[in-house]
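Input: a single structure, listed below in structure tokens.
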Amino acid sequence: MAKFRCRCGHEMRLTGADSPYEFSLIPEAAVVNISDQLESGNVSSENFFDEIDKVSRLVYRCTECDRLYVKNESNVFDVYVKELL
């Protein structure tokens, strides 16, 4: 089972598609484009997730400290910490 440890020490168990820690970050323009392609029949429902994967970034969110780990183009995670105002 894949695991990812946050800097706060919390261990995230990445159990697949239903992981409460894993998200996809998708540009709004890409969502509109893929939606248009689905409506016009240029993308099938079977290829929908392939199209999403082409434009999305993998994000892990720690449920303990709310840190976000965003995988960048270099396959390295950029880390973001919640700012308290």
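Note: hydrogens, waters and symmetry copies are ignored here, and every other heavy atom, side chains too, is used.
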Query raised in the report: Is a side-chain donor or acceptor of S74 paired with a backbone partner of V76 at a separation under 3.5 angstrom?
Result: no

Query raised in the report: Short question: side chain of S35, backbone of V31 - any donor-acceptor pair under 3.5 Å?
Result: no

Rounded to the nearest 0.5 Å, what separates atom [atom1] in [X] from atom [atom2] in [Y]?
{"X": "N42", "Y": "N47", "atom1": "CG", "atom2": "CG", "answer": "11.0 Å"}
{"X": "C62", "Y": "E11", "atom1": "SG", "atom2": "CD", "answer": "11.0 Å"}
{"X": "R61", "Y": "R67", "atom1": "CZ", "atom2": "CZ", "answer": "13.0 Å"}
{"X": "M12", "Y": "C6", "atom1": "CE", "atom2": "SG", "answer": "5.0 Å"}
{"X": "S56", "Y": "I26", "atom1": "OG", "atom2": "CD1", "answer": "5.5 Å"}
{"X": "I34", "Y": "K54", "atom1": "CD1", "atom2": "NZ", "answer": "9.0 Å"}

**Report entry** Salt bridge E73-R57, side-chain N to carboxylate O under 4.0 Å
**Finding:**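 Salt bridge flag = yes for R57 with E73.
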
Side-chain contact test, heavy atoms from C-beta onward, threshold under 4.5 Å: evaluate it for [X] versus [Y] and give yes or no.
{"X": "V79", "Y": "L68", "value": "no"}
{"X": "F77", "Y": "V70", "value": "no"}
{"X": "D18", "Y": "T15", "value": "yes"}
{"X": "L58", "Y": "Y69", "value": "no"}

**Report entry** Y60 and F4 aromatic ring geometry - parallel, tilted or perpendicular at 30°/60° bounds
**Finding:** tilted

